[in-house]
Amino acid sequence: MLKIILGIIAGFVAWSILWVGSDQVLMLLSPRWYGAHQLEFARAFRNQEPFTADALVLGLNLMRAFVISVLSGLLSAFVAGENRKAPLFLGILLFVIGLIVEILIWQYLPVWYHVAFLLLIIPSTLLGGRLKSVE
(Lines give C-alpha, C1' and ligand atoms only; values in the text may rest on other atoms or scores of the structure.)
Protein backbone atom coordinates (compact mmCIF):
# COMPACT_ATOMS: atom_id res chain seq x y z
CA MET A 1 0.00 0.00 0.00
CA LEU A 2 2.86 2.37 0.82
CA LYS A 3 4.37 1.78 -2.63
CA ILE A 4 1.06 2.64 -4.26
CA ILE A 5 0.82 5.89 -2.28
CA LEU A 6 4.42 6.74 -3.22
CA GLY A 7 3.58 5.97 -6.85
CA ILE A 8 0.62 8.34 -6.75
CA ILE A 9 2.73 11.08 -5.15
CA ALA A 10 5.56 10.57 -7.66
CA GLY A 11 3.13 10.70 -10.58
CA PHE A 12 1.44 13.82 -9.26
CA VAL A 13 4.73 15.64 -8.64
CA ALA A 14 5.98 14.61 -12.08
CA TRP A 15 2.75 15.76 -13.76
CA SER A 16 2.97 19.15 -12.02
CA ILE A 17 6.64 19.68 -12.88
CA LEU A 18 6.17 18.59 -16.49
CA TRP A 19 3.08 20.78 -16.95
CA VAL A 20 4.62 23.94 -15.51
CA GLY A 21 8.03 23.23 -17.02
CA SER A 22 6.75 22.57 -20.53
CA ASP A 23 4.59 25.69 -20.31
CA GLN A 24 7.64 27.77 -19.44
CA VAL A 25 9.71 26.20 -22.23
CA LEU A 26 6.96 26.91 -24.77
CA MET A 27 6.69 30.49 -23.54
CA LEU A 28 10.46 30.93 -24.04
CA LEU A 29 10.49 29.26 -27.46
CA SER A 30 7.48 31.18 -28.75
CA PRO A 31 7.12 34.42 -26.82
CA ARG A 32 5.02 36.18 -29.46
CA TRP A 33 2.51 33.39 -29.94
CA TYR A 34 2.32 30.91 -27.06
CA GLY A 35 3.91 33.22 -24.51
CA ALA A 36 1.71 36.15 -25.43
CA HIS A 37 -1.37 33.94 -25.26
CA GLN A 38 -0.49 32.60 -21.80
CA LEU A 39 0.41 36.04 -20.41
CA GLU A 40 -2.84 37.49 -21.78
CA PHE A 41 -4.77 34.60 -20.24
CA ALA A 42 -3.10 35.18 -16.86
CA ARG A 43 -3.84 38.91 -17.05
CA ALA A 44 -7.49 38.32 -17.98
CA PHE A 45 -7.87 35.80 -15.14
CA ARG A 46 -6.18 38.09 -12.60
CA ASN A 47 -8.27 41.12 -13.64
CA GLN A 48 -11.43 39.13 -14.40
CA GLU A 49 -11.53 40.50 -17.94
CA PRO A 50 -12.77 38.88 -21.16
CA PHE A 51 -10.36 36.58 -22.98
CA THR A 52 -10.44 34.91 -26.39
CA ALA A 53 -8.43 31.72 -26.45
CA ASP A 54 -6.39 30.56 -29.43
CA ALA A 55 -7.71 27.13 -30.50
CA LEU A 56 -4.21 26.03 -31.58
CA VAL A 57 -2.81 26.79 -28.12
CA LEU A 58 -5.69 24.88 -26.56
CA GLY A 59 -5.06 21.93 -28.88
CA LEU A 60 -1.38 22.01 -27.98
CA ASN A 61 -2.30 22.05 -24.30
CA LEU A 62 -4.54 19.01 -24.77
CA MET A 63 -1.69 17.16 -26.46
CA ARG A 64 0.64 18.17 -23.63
CA ALA A 65 -1.91 16.99 -21.06
CA PHE A 66 -2.19 13.62 -22.81
CA VAL A 67 1.57 13.03 -23.07
CA ILE A 68 2.27 14.28 -19.55
CA SER A 69 -0.52 12.14 -18.13
CA VAL A 70 0.78 9.03 -19.91
CA LEU A 71 4.31 9.67 -18.61
CA SER A 72 3.03 10.33 -15.09
CA GLY A 73 0.93 7.16 -15.14
CA LEU A 74 3.98 5.19 -16.26
CA LEU A 75 6.12 6.69 -13.49
CA SER A 76 3.46 5.98 -10.87
CA ALA A 77 3.35 2.34 -12.03
CA PHE A 78 7.14 2.00 -11.83
CA VAL A 79 7.32 3.50 -8.34
CA ALA A 80 4.36 1.44 -7.11
CA GLY A 81 5.62 -1.77 -8.67
CA GLU A 82 2.20 -2.42 -10.19
CA ASN A 83 0.34 -0.96 -13.13
CA ARG A 84 -3.32 -0.63 -12.14
CA LYS A 85 -4.07 0.94 -8.77
CA ALA A 86 -1.43 3.69 -8.70
CA PRO A 87 -2.20 5.00 -12.23
CA LEU A 88 -5.95 4.82 -11.53
CA PHE A 89 -5.75 6.72 -8.25
CA LEU A 90 -3.31 9.19 -9.84
CA GLY A 91 -5.82 9.74 -12.63
CA ILE A 92 -8.62 10.31 -10.13
CA LEU A 93 -6.48 12.77 -8.15
CA LEU A 94 -5.53 14.64 -11.33
CA PHE A 95 -9.17 14.65 -12.44
CA VAL A 96 -10.37 16.14 -9.14
CA ILE A 97 -7.72 18.85 -9.14
CA GLY A 98 -8.25 19.42 -12.86
CA LEU A 99 -11.98 19.80 -12.27
CA ILE A 100 -11.33 22.46 -9.65
CA VAL A 101 -8.99 24.32 -12.00
CA GLU A 102 -11.40 24.03 -14.93
CA ILE A 103 -14.24 25.41 -12.80
CA LEU A 104 -12.05 28.37 -11.82
CA ILE A 105 -11.20 29.17 -15.44
CA TRP A 106 -14.52 28.09 -16.95
CA GLN A 107 -15.50 31.48 -18.35
CA TYR A 108 -12.18 32.02 -20.14
CA LEU A 109 -12.00 28.89 -22.29
CA PRO A 110 -14.50 27.07 -24.52
CA VAL A 111 -16.52 24.17 -23.14
CA TRP A 112 -14.95 21.69 -25.60
CA TYR A 113 -11.54 22.34 -24.04
CA HIS A 114 -12.73 21.79 -20.46
CA VAL A 115 -14.54 18.58 -21.38
CA ALA A 116 -11.67 17.20 -23.48
CA PHE A 117 -9.07 18.03 -20.82
CA LEU A 118 -11.03 16.27 -18.10
CA LEU A 119 -11.95 13.27 -20.26
CA LEU A 120 -8.29 12.70 -21.19
CA ILE A 121 -6.86 12.57 -17.67
CA ILE A 122 -7.88 9.15 -16.31
CA PRO A 123 -7.59 7.14 -19.55
CA SER A 124 -4.16 8.58 -20.31
CA THR A 125 -2.78 7.84 -16.83
CA LEU A 126 -4.17 4.30 -17.14
CA LEU A 127 -2.52 3.99 -20.55
CA GLY A 128 0.77 5.07 -18.99
CA GLY A 129 0.36 2.44 -16.30
CA ARG A 130 -0.30 -0.24 -18.92
CA LEU A 131 3.00 0.61 -20.59
CA LYS A 132 4.73 -0.89 -17.57
CA SER A 133 4.76 -4.65 -17.77
CA VAL A 134 3.90 -6.53 -14.61
CA GLU A 135 6.69 -8.77 -13.35
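All values reported here derive from a predicted model rather than from experimental measurement.
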Item checked: Gln107 and Pro50, any side-chain heavy atoms less than 4.5 Å apart -> no

Tabulate below the donor-acceptor pairs under 3.5 Å that side-chain atoms of residues 8-17 make, not counting sequence neighbours, or state none.
{"unit_1": "Trp15", "atom_1": "NE1", "unit_2": "Ser69", "atom_2": "OG", "d": "2.9"}
{"unit_1": "Ser16", "atom_1": "OG", "unit_2": "Phe12", "atom_2": "O", "d": "3.0"}

Item checked: ILVMFWY cluster, Met63 and Leu126 together (side-chain gap under 4.5 Å) -> no

Notebook entry, point to check: Same hydrophobic cluster for Leu18 and Ile97, using side-chain heavy-atom links shorter than 4.5 Å among ILVMFWY?
Noted result: yes

Next item on the list: Report yes or no: do Leu71 and Phe95 belong to one cluster of Ile/Leu/Val/Met/Phe/Trp/Tyr joined by side chain heavy-atom distances under 4.5 Å?
Entry: yes

Notebook entry, point to check: With sequence neighbours left out, what residues match Arg84 under side chain to side chain donor-acceptor pair (under 3.5 Å)?
Noted result: none

Next item on the list: Treat each ILVMFWY residue as a node, draw an edge where side-chain heavy atoms are under 4.5 Å apart, and state whether Leu6 and Ile4 are in one component.
Entry: no

Check: Side-chain contact, heavy-atom cut-off 4.5 Å: Tyr34 with Leu29?
Finding: no

Next item on the list: Indicate yes or no: at least one non-hydrogen side-chain atom of Phe51 is less than 4.5 angstrom from one of Arg43.
Entry: no

Check: Does any non-hydrogen side-chain atom of His37 lie less than 4.5 Å from one of Leu56?
Finding: no

Item checked: Ser22 to Arg64 - nearest heavy-atom pair and separation -> OG-NH1, 2.5 Å

Next item on the list: Establish whether Leu39 and Val25 are linked, either directly or via other cluster members, by ILVMFWY side-chain heavy-atom contacts under 4.5 Å.
Entry: no

Checklist line | CD/Gln48: more than 12 non-hydrogen atoms of other groups inside 6.0 Å | finding: no

Notebook entry, point to check: Hydrophobic cluster mates of Val20, side-chain heavy atoms under 4.5 angstrom, ILVMFWY only, any path?
Noted result: none

Item checked: Heavy-atom closest pair, residues Gly73 and Ser76 -> O-OG, 2.8 Å

Checklist line | Reported CD1-to-CD1 distance for the pair Ile121 and Ile92, which is rounded to 0.5 angstrom | finding: 12.5 Å

Note to self: Contact between Asn61 and Trp19 at the side-chain level, heavy atoms closer than 4.5 Å - yes or no?
What the structure shows: yes

Notebook entry, point to check: For Ile105 and Phe41, what are the C-alpha separation, side-chain angles and deciding distance, and is it a side chain to side chain contact (heavy atoms under 4.5 Å, CB included)?
Noted result: CA-CA 10 Å; Ile105 64 172; Phe41 172 77; 3.7 Å; yes

Check: About how many Å separate CG of Leu74 and CG of Leu90, when rounded to the nearest 0.5 Å?
Finding: 11.0 Å

Check: How far apart are the closest heavy atoms of Ser124 and Phe66, and which atoms are they?
Finding: CB-CD1, 3.6 Å

Margin query: Centre-to-centre under 6.0 Å for Tyr108 and Phe45, is that the case here?
Written below: yes

Next item on the list: Please check if the side chain of His114 supplies one atom and the backbone of Leu109 the other of a donor-acceptor pair under 3.5 Å.
Entry: yes

Margin query: Testing the basics here: between Pro87 and Glu82, what is the closest heavy-atom pair and its distance to 0.1 Å?
Written below: CD-OE2, 3.9 Å

Checklist line | Test item: Leu93 and Phe89 side chains (from C-beta on) under 4.5 Å apart, heavy atoms | finding: no

Margin query: Taking the side chain as everything from C-beta on, heavy atoms only, tell me whether Trp112 gets closer than 4.5 Å to Leu58.
Written below: yes

Notebook entry, point to check: Side-chain contact, heavy-atom cut-off 4.5 Å: Gln38 with Leu26?
Noted result: no

Item checked: Whether Thr125 side chain and Ile122 backbone form a donor-acceptor pair below 3.5 Å -> yes

